[in-house]
Structures are given as C-alpha cells and as structure tokens.
Protein chains: 2
Amino acid sequence: MTKARKTIMDILMKSEEPVSASTLAKDLPFDQATVYRNLHYLEDQGFAESFILHCSEHGTERYYSYRNANDVHHHWFHCEMCHRFIDLGHCAYGQQLKEWEQSYGFTIHEHTFFLTGVCADCKS
Amino acid sequence: MTKARKTIMDILMKSEEPVSASTLAKDLPFDQATVYRNLHYLEDQGFAESFILHCSEHGTERYYSYRNANDVHHHWFHCEMCHRFIDLGHCAYGQQLKEWEQSYGFTIHEHTFFLTGVCADCKS
DNA sequence: ACAAAATTTGCAAATGACTTGCAAAATACA
DNA sequence: TGTATTTTGCAAGTCATTTGCAAATTTTGT
Ligand SMILES: [Mn+2]
Ligand SMILES: [Mn+2]
Ligand SMILES: [Zn+2]
Ligand SMILES: [Zn+2]
C-alpha cells in the first residue's frame, strides 16, 4: 500500500466524523488527483463510504467516512454554524427500504439521509 | 412576474418529478444565470424546494420541485438507468425528527432523503 | 398613461470541486 | 534483482453554478 493511500485510510479510520474530499486534497501533501483517486479506490473497495452535502459556507462537497466491513453505516446531522457532524447512530431504515422495494418493485442501491441545522452548542 | 420566472414556475408546477437546474438552464431560452437566479428566488420564497443528487450519467446536479404552501414535501427514488424519479409519497419523518431534536438538542433546518437504484421497468 | 425607482436580464468571465492524459516514480511479483 | 503493474505529480480540462455590470423590463406613484 502506498504512502498516500495509507495516510488517507488512517485519517478516515481515526476520524469521528465524515471528512470532505476537497479539504483532504488541500491539507494533505499529495496531489489533489492522488487524493481524489484514492478516495474513489477506497470507496470501490468498500473501505469508505460517502455522501454529498452542501453548506453555504463550504459549498458542495463530498464527505467520506471509514466503513467497517461488518459495521452498519451511520447517518449524520451537520451544524451549519460550527460545521461539525453529530452521529445519529446506526441506520435504522433497513426494514423500510425492503418494504419499499417490494411495494414499488425497484432495487435500491443506495440511500442518502442526513440532517442540517444548528447544534446545541451553537444555539447558546 | 417576469416571463422567465413564470415559465420556470409553470414547469415546476406541472412536473410530476424533480427537474434538474442544469437541464432547465440548457433547455430554456433564457440565460443560464437567469434560470439559476430564478430557481433560487423561487426556493427563497417557498415556492420550490431542492436537493442535490449525483448520478454517474448526469453528474452532480440540483433538482427542484414545486412546493405547495400547505402540502408536505415528498421523497424520491431515482432510477440510475432511465433517470426517472418515483414518488415515495409524503415525508413521514416528522415525528422522528422532533425526537432527534429533543434528544440531541439541535434544531433541524432541513433533512435530505432519497433512494437510488434500478426501477422495475429497467430491471426487465 | 408617464416617468422615476426597483428589479431582472443577458453577457462574459470567474469559481471551485473534481477529472483526466501522460510520463516518471513507486510498488508488487517472479 | 529485473520486469510488469500500479500509483503519482503535473498541468490542463470539465462542468455546474455564480457574479459584476450595464441594458432592458417590470413596478410604483401620480
Ligand atoms: Mn458545513
Ligand atoms: Mn440520473
Ligand atoms: Zn454547531
Ligand atoms: Zn428505470
């Protein structure tokens, strides 16, 4: 495994919340193309997952988080003031998704869910 | 109300599914800046709502739909093959969102939810 | 209907996240 | 170690969306 890939993988593993691709690209000492290509690679291999979120201050960016092989993914709340994410816990939509698949006949590949607003700290 | 604004508003009102901003900008006989500015205006005024969705064929685009003053919004399934949207019906997360607000102390401004996959027609 | 004030439009250039071609550098494999 | 495969940096490109500005349109007050 290359240095760039290991660095990115480590960051994702250690991070408590999703990290944006463009921020990684700016902060890391690798070319942006290398960062983006590695994020794609990690997601392809199932080591990471991502979603696109728009915030007025940082614009539209893709956020990545580490994906544990056996672990279920999480959904998040994003604070529009401090830009931190709050973990909403494991995804609890499995059953609902199956029901929709049955009643509509489609096959779901992905579902996107997140909240935006102002966190408790920023309100006070 | 200007011609451009009325045209865009009409399209949103008549459309059965969300329409992408960039498609509107390409297809309508107004400048793209005018289209984008009017979409922002309509959303600001509460006549439209939008979400960002990425599909491999069309890339990352913002999709708009008309928002009826009294009506609750809908969530959607997007088919990655035919690129149509399937209406999943009224949003049923009101209660859940309130519970999260209480247990986490944050205030939710928006929630984003949608599905992607392959529709029944495209599977056969 | 008329003129001034306020808003909107078209144009052209800019923005910013992300992608891509290519040759050099690093890594994996025998 | 030598060779095949993968990855990297660089530079340029793509594409949705935004922005400044002067001209055109719409709104307001009379
Ligand atoms: Mn943010
Ligand atoms: Mn699509
Ligand atoms: Zn906050
Ligand atoms: Zn389909």
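Each chain gets a letter, A, B and so on, in the order its sequence line appears, and its residues count up from 1. In this text the structure is predicted, and so the values were computed from the model without any measurement.
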Check: Of Thr60(A) and Ala33(A), whose closest DNA chain C nucleotide lies nearer the 5' terminus?
Finding: Thr60(A)
Item checked: First encountered from the 5' end of DNA chain C, between Gln32(B) and His54(B) -> Gln32(B)
To the side chain of [X], which of [options] is closest?
| X | options | answer |
| --- | --- | --- |
| Asp31(A) | dT19(C), dT8(C), dG9(D) | dG9(D) |
| Glu61(B) | dA17(C), dT8(D), dA16(D) | dA16(D) |
| Ser22(A) | dC18(C), dT7(D), dT9(C) | dC18(C) |
| His40(A) | dC18(C), dT19(C), dT17(D) | dT19(C) |

Whole-Å distance between [N] [atom2] and [X] [atom1]?
| X | N | atom1 | atom2 | value |
| --- | --- | --- | --- | --- |
| Tyr64(A) | dC18(C) | OH | C1' | 10 Å |
| Phe30(B) | dT25(D) | CZ | P | 13 Å |
| Arg37(B) | dT25(D) | CZ | C1' | 14 Å |
| Glu57(B) | dC15(D) | CD | C1' | 16 Å |
| Leu28(A) | dG9(D) | CG | P | 11 Å |
| Gln45(B) | dT7(C) | CD | C1' | 13 Å |
| Ile52(B) | dG16(C) | CD1 | C1' | 13 Å |
| Leu39(B) | dT9(C) | CG | P | 11 Å |

Looking for any heavy atom pair under 4.0 Å, which part of the strands does [X] touch: base, sugar-phosphate only, or nothing?
| X | value |
| --- | --- |
| Arg5(A) | sugar-phosphate |
| Ala21(A) | sugar-phosphate |
| Ala25(B) | nothing |

Taking OP1 and OP2 of [N], is either one under 4.0 Å from a side-chain nitrogen or oxygen of [X]?
| X | N | result |
| --- | --- | --- |
| Thr2(B) | dT7(C) | no |
| Lys26(A) | dA17(C) | yes |
| Tyr36(A) | dT19(C) | no |

Next item on the list: Kindly indicate, with the supporting measurements, whether the criterion side chain to side chain contact (heavy atoms under 4.5 Å, CB included) is fulfilled by Phe51(B) and Arg62(B).
Entry: CA-CA 6 Å; Phe51(B) 58 91; Arg62(B) 189 175 281 272; 5.9 Å; no
Checklist line | Toward the 5' end of DNA chain D, by each residue's nearest nucleotide, His58(B) or Thr34(A) | finding: Thr34(A)
Note to self: Checking His111(B) against His75(B): is there a side-chain donor and acceptor pair closer than 3.5 Å?
What the structure shows: yes
Item checked: salt bridge (charged side-chain N to carboxylate O under 4.0 Å, His left out) assessment of Arg67(B) paired with Asp71(B) -> CA-CA 7 Å; Arg67(B) 174 161 196 171; Asp71(B) 198 25; over 6 Å; no
Notebook entry, point to check: Quick check: does any side chain N or O of Glu80(B) sit under 3.5 Å from a backbone N or O of Ser56(B), one acting as donor and the other as acceptor?
Noted result: no
Note to self: Checking the side chain of Tyr104(B) only, and the main-chain atoms of Ala120(A) only, is there a donor and an acceptor separated by less than 3.5 Å?
What the structure shows: no
Margin query: Consider side chain to side chain contact (heavy atoms under 4.5 Å, CB included). Of His73(B), Glu49(B), His74(B), which one does Ser65(B) pass it with?
Written below: Glu49(B)
